[in-house]
> 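If you scroll down you'll find the structure; I have some questions about it.
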There are 4 protein chains.
Amino acid sequence: MSEQEKLIDEWFHQEEGLTEKQKKIVAAAIESFAAKGYAATSTSEIAKKAGVAEGTIFRHYKTKKELLLAIVAPMMAKFIAPFVINDFNKVLNHDFERFEDFLRAIIENRVKFLIKNMPLFRILIQEIPFQPELREQFKEHIANKIIERFRIIVEHYQAKGQIIEMPPYSVIRLTVSTVFGFIIARYLLIPEAQWDDEEEIERTVHFIMHGLTPPRSQ
Amino acid sequence: MSEQEKLIDEWFHQEEGLTEKQKKIVAAAIESFAAKGYAATSTSEIAKKAGVAEGTIFRHYKTKKELLLAIVAPMMAKFIAPFVINDFNKVLNHDFERFEDFLRAIIENRVKFLIKNMPLFRILIQEIPFQPELREQFKEHIANKIIERFRIIVEHYQAKGQIIEMPPYSVIRLTVSTVFGFIIARYLLIPEAQWDDEEEIERTVHFIMHGLTPPRSQ
Amino acid sequence: MSEQEKLIDEWFHQEEGLTEKQKKIVAAAIESFAAKGYAATSTSEIAKKAGVAEGTIFRHYKTKKELLLAIVAPMMAKFIAPFVINDFNKVLNHDFERFEDFLRAIIENRVKFLIKNMPLFRILIQEIPFQPELREQFKEHIANKIIERFRIIVEHYQAKGQIIEMPPYSVIRLTVSTVFGFIIARYLLIPEAQWDDEEEIERTVHFIMHGLTPPRSQ
Amino acid sequence: MSEQEKLIDEWFHQEEGLTEKQKKIVAAAIESFAAKGYAATSTSEIAKKAGVAEGTIFRHYKTKKELLLAIVAPMMAKFIAPFVINDFNKVLNHDFERFEDFLRAIIENRVKFLIKNMPLFRILIQEIPFQPELREQFKEHIANKIIERFRIIVEHYQAKGQIIEMPPYSVIRLTVSTVFGFIIARYLLIPEAQWDDEEEIERTVHFIMHGLTPPRSQ
DNA sequence: GATGAATGAGCGTTCATTCAT
DNA sequence: GATGAATGAACGCTCATTCAT
C-alpha cells in the first residue's frame, strides 16, 4: 500500500505532464488560495509569485476557475483513490477483525494524506461553499461513491455486533465529523497550541468507539 | 430562560436602533454573503437587493468590511450571551444532575439558536478563514471565554465520574466537533436529504455519551 | 485712512448679515481651501470643521463654487477699495511728493492687508488658474480698474521725472511682481526662514527704486 | 551649449523609453493638468483624450499622483540641469564679465526653456501649493542646490562691485521674482495682450540692473 | 510556448447636492 | 432655519482575460 500510496501522492508533482512553469503556477496558486481564498487572490499575484508572465497562466488554464479545479480535483481523486481500488477494499474487509482496527488504518492512511496536503485540504473546505462545480465533484465522488462503500463496511461491522444499531449513514456522519473535527482543530483552527498528536489521535479513536462515558458507569 | 432567549434573539432584528434602510441593507448583505461569500459579493449588488442607493450603504458602514463585522459580531455576542450570564451558568452547574442533561440543554438552546440564524452561522464559518478581525473576535470571545467555562463544567462532571479521565480541552473538542458536525451536515452540506431531526439529535447525544460500541461488548 | 481701513477689514467678519453658522462655515472653508485647495476640499469636511450639518452649507450657498466666490469676491473688493475711493486717490496724488513715498504707502497699506488676510490671498492666487469666474472678476476689478488708476499715477511720476521713460504697464508689472514676489516668498514659499521684515521691505523698495546698480550709476 | 540644450530638451519627448501609449498618456495628462488642475482632472478623461483604456494608465503609473510626478519631476531636473553641469558653471563664472551678461544668458537660456515647456511650468507652479512631494522635490533641487550656486555667483559680482551690498539671498529673490513675474504675466496671466517680447525682456533686464530710478535724477 | 501590454467592465468609495422632517 | 439621511454619478483603481509579438 505504501508503494501505491507514494505513487499516488507523487502523481501530482511529477506526472500529468506538467511543465516546469505549470508546476510553479500550481504551487503559487495553492499557496495563495490557501492563505487568502480563491476570490481574494489575483492572477497577477499568482504570476508574480510563480515567476511567470500573467499570460502564461491563461495559456495553461483557460480561466482562473479552471486553475482552481485543476488544483483541487486531482487532490480529491487521490484522496478517494485507496477506497476505490478494489484490492484495497478487499484488504479492508478481511484484514481488520475489529472496526477499531479499520478506523486506525483509515486515520493512519487518509488523515496522514490530508495532513501532508494540508494547503490543498484547506482550499477544498474553504472553497466548497462558494464553488458549485467543486461541490458537485465532491458530492459525486465522496458522497455517492465513498459513502456507499463505507455503508457496506459499517453494516459489516454492525453484523459482527461491533457497532451499535444505528443507520449506517449516521455512523458515518458521526465518525467522519469526529475525525475531520480533529484535523480542522489541530491543523487549521489552533495549530499554535501544543498538541500531543499520538495521544490526541488515541483519544479521538477511543471517543468514536466508546464515547465519553467511563466503562463502569454502564 | 426562554424569555431571556427571545429577547436576545430579537435584538438584532428589532433593536440596535437600525433604521429601516439599514435593516434592508443588513438583510441583503446577509443573504448575499451567505450565498456567494464576502469577497464575491459586490456592494452594488447589496444595494440593488436592498433597494437603496449604493452610497447609502457607505453612509451607515464606512467600508464593506465594517458591514461584514456589523453583521457577524452581534451574532457572536448573542451566541455566547447565555454562557456569559451568570445566572445561566449557575443553573447549569446545579440543575443538570447528569452531563447528558447538560448536553441536551445546550443542544436544545444553542443549536436551535444557530439553526434559527443559519445564514449568519454560515457567513461566520465561511469567512473566519479569510478575515483576521473575525478570527480575532472569535478567538477572544469563544475560545478564551467560553472554553474556560466549559472546562470547569467538564471537570465538574469528571469529578462526578460521569466523564472519563481525559484532558478537558479534548472533551470539549470532541463534543463540539460532533455537535457542529451535525449542524454542518444537516443544514449546510446535505440539507436536501431526509432528516429525522429528533432521532438524529438523539443519536448524536448518544454517540457523545457512549460512542459507537454496543453496551455488551465492553 | 486707518479708520476707513478698519471698517473695511471688519466688513467681512461682522457685516454682510452673516449668521453665526455662516461665519463658521466661511471660516472653516477658508481654512480648508487654503490648506488643500478648493477641488480637494469636500463639503462634508467643511461642515464637520464648522460644526454644522452638510445641508446647512447648501442652504446658504447654492453650490460649493458659490461658497468659494462668496469668500474670495469680498476679499478682492476690500483689496481694491482704497484705490477706488476717490478721496484716497486724491490723497495719493497730492500727498506723496515722491514715487518712493507712494510705494511705501502702498506697501504699508495693501501689503499689510494681504498679510492680515493671508489665507484669503492664498486661496485667491491658488484658485485663479482654475476658476474662470474668479479670473473674470479679478481681471475686471484689478486689471481694468486698478491698473488704469496706476497708469495715471505712473505717468504722473514719469512727468515729474521720477520714473524712467517706459510704458506705464511695464512699470506696473515690474513693481507689482516685485512686491508680490516678496509676499509670496515671505509668507507662502519660505515662511520658515528667518526674515527681518523691515529690512527686507526696505531692500525691496530700494530695489524697485534703484535696482541692483551700484551707487556709481546714480 | 545649444547642442547640450537640445539634447536635454528632447529628453522628455523622445527618450526615457516611453512607449507610444505612454507618450500619449503623458501628453494628454499635461494638457488636462495644465488646463484644469490635477485634482479636477479625472483619469478617465486623460484616457479618453489619450485614446487608451483607463487601465493602461495604471499599468504605467501606479497612481494618478505618480503620473503627475512622472510629468513634473523630469521637467524640474531638466530645468536645473544646466546649472548643475560643471562646465556650464565654469563658463558662467568666467565668460560673463558683467552681471548683466550673466542675466541675459540666463534669460536667453532658462526662460526660453520655460516658455518652450509652458504647460509643464504651469502645472508645476499650480500644483506646488497642493502637492507636498512636489514641494519637497522643488525645495531639495531648486532651493538647496541652485540657490547655493546663485549665491556664489552673486557674491562674485558683488566682489566686483557690480551688485550693491545686500544679502545674496535677497538679490536672488528680487531677481528671480522679477524674471518669473515677467513669465507669469506674459504667458499665464495676460497672454492675450500684445507683447513686444524683445522690448519687454530688455525692460526687465534694465529694471533689474538699474531699477526704476533714472540715473541722473538722484 | 511564453510574454506582458492592453483592455474595459467592474470594484469599493467619495462626492456635491436634495429634500422630508 | 437647520438637519442629516439619501442619492447616484463619478472617482481612482484592480481585475481576469486577450492577443500581437
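Numbered from 1 within each chain, the chains take letters A, B, ... in sequence-line order.
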> With DNA chain E as reference, determine whether D/Gln22 or A/Ile57 sits nearer its 5' end, using the nearest nucleotide of each.
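Whichever sits nearer the 5' end wins; that is A/Ile57.
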> If we only count heavy atoms from C-beta on, is the B/Ile123 to B/Tyr38 side-chain gap below 4.5 Å?
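When only atoms from C-beta onward are counted, B/Tyr38 and B/Ile123 do not touch, as no gap falls below 4.5 Å.
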> Give the rounded distance in Å between these two atoms: CG of A/Leu18 and C1' of E/dG1.
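The answer, rounded to whole Å, is 15 Å.
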> According to side-chain hydrogen bond (donor to acceptor under 3.5 Å, both in side chains), who are the partners of C/Lys65, at least two apart in sequence or on a separate chain?
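Here the qualifying residues are C/Gln131.
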> Is the phosphate of F/dG1 approached by C/His60 (side-chain N or O, under 4.0 Å from OP1 or OP2)?
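Indeed not, no polar side-chain atom of C/His60 lies that close.
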> If you write DNA chain E from 5' to 3' in dot-bracket form, with Watson-Crick or G-U pairs under 3.5 Å, [ ] for crossing pairs and | for pairs with another strand, what do you get?
.||||||||||||||||||||
> Identify all pairs in which a protein N or O lies below 3.5 Å from an N or O of nucleotides 14-18 of chain F, and state each distance.
from   : atom 1 : to      : atom 2 : distance (Å)
F/dA16 : OP1    : A/Thr41 : O      : 3.2
F/dA16 : OP1    : A/Lys64 : NZ     : 2.8
F/dA16 : OP2    : A/Thr43 : N      : 2.7
F/dA16 : OP2    : A/Thr43 : OG1    : 2.9
F/dT17 : OP2    : A/Lys64 : N      : 2.7

> Please name the pair of heavy atoms, one in D/Pro129 and one in C/Gln126, separated by the smallest distance, quoted to 0.1 Å.
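That closest heavy-atom pairing would be CB-NE2, 3.2 Å.
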> Would you name the heavy atoms of B/Glu127 and A/Phe130 that are closest together and state the gap between them?
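Scanning both residues, the minimum pair turns out to be OE2-CZ, 3.8 Å.
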> Any Lys/Arg nitrogen of B/Lys36 or B/Glu45 sitting under 4.0 Å from an Asp/Glu carboxylate oxygen of the other?
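A salt bridge links B/Lys36 with B/Glu45.
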> Give the rounded distance in Å between these two atoms: OH of B/Tyr61 and C1' of F/dA6.
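Nearest whole value for this atom pair: 15 Å.
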> Send over the distance from B/Lys48 NZ to E/dC11 C1', rounded to a whole Å.
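B/Lys48 atom NZ is separated from E/dC11 atom C1' by 13 Å.
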> What is the distance, to the nearest angstrom, from the CG atom on B/Leu68 to the P atom on E/dT13?
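In whole Å, E/dT13 P and B/Leu68 CG are 12 Å from each other.
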> Between P on F/dG1 and CD1 on C/Ile25, what's the gap in Å once rounded to a whole number?
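After rounding, the gap between these two atoms is 13 Å.
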> Nearest-Å distance, NZ (D/Lys21) to C1' (E/dG8)?
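Between C1' of E/dG8 and NZ of D/Lys21: 13 Å.
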> Which atom pair, heavy atoms only, marks the closest approach of B/Phe58 to B/Lys64?
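What the structure gives for the nearest pair is CE2-N, 4.1 Å.
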> Determine: side-chain N/O of D/Thr56 to OP1/OP2 of E/dA5, distance under 4.0 Å, yes or no.
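Looking at the OP1 and OP2 atoms of E/dA5, neither is under 4.0 Å from any side-chain N or O of D/Thr56.
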> Using atom NZ of D/Lys23 as one end and atom P of E/dA6 as the other, report the distance to the nearest whole Å.
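Checked: the NZ to P distance equals 13 Å.
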> Rounded to the nearest Å, what distance is computed from the CD atom of residue C/Glu20 to the C1' atom of nucleotide F/dA2?
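From C/Glu20 CD to F/dA2 C1': 15 Å.
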> Which pair of non-hydrogen atoms, one from D/Lys23 and one from D/Leu18, has the smallest distance, and what is that distance?
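Smallest interatomic distance, heavy atoms only, reads CE-O, 3.6 Å.
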> Please give me the minimum heavy-atom distance between D/Leu124 and D/Val72, naming the atom from each residue.
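Heavy atoms only, the tightest pair is CD1-CG1, 3.3 Å.
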> Check the pair D/Leu67 / D/Thr43 against side chain to side chain contact (heavy atoms under 4.5 Å, CB included), numbers first and verdict last.
CA-CA 10 Å; D/Leu67 173 58; D/Thr43 49; 6.0 Å; no
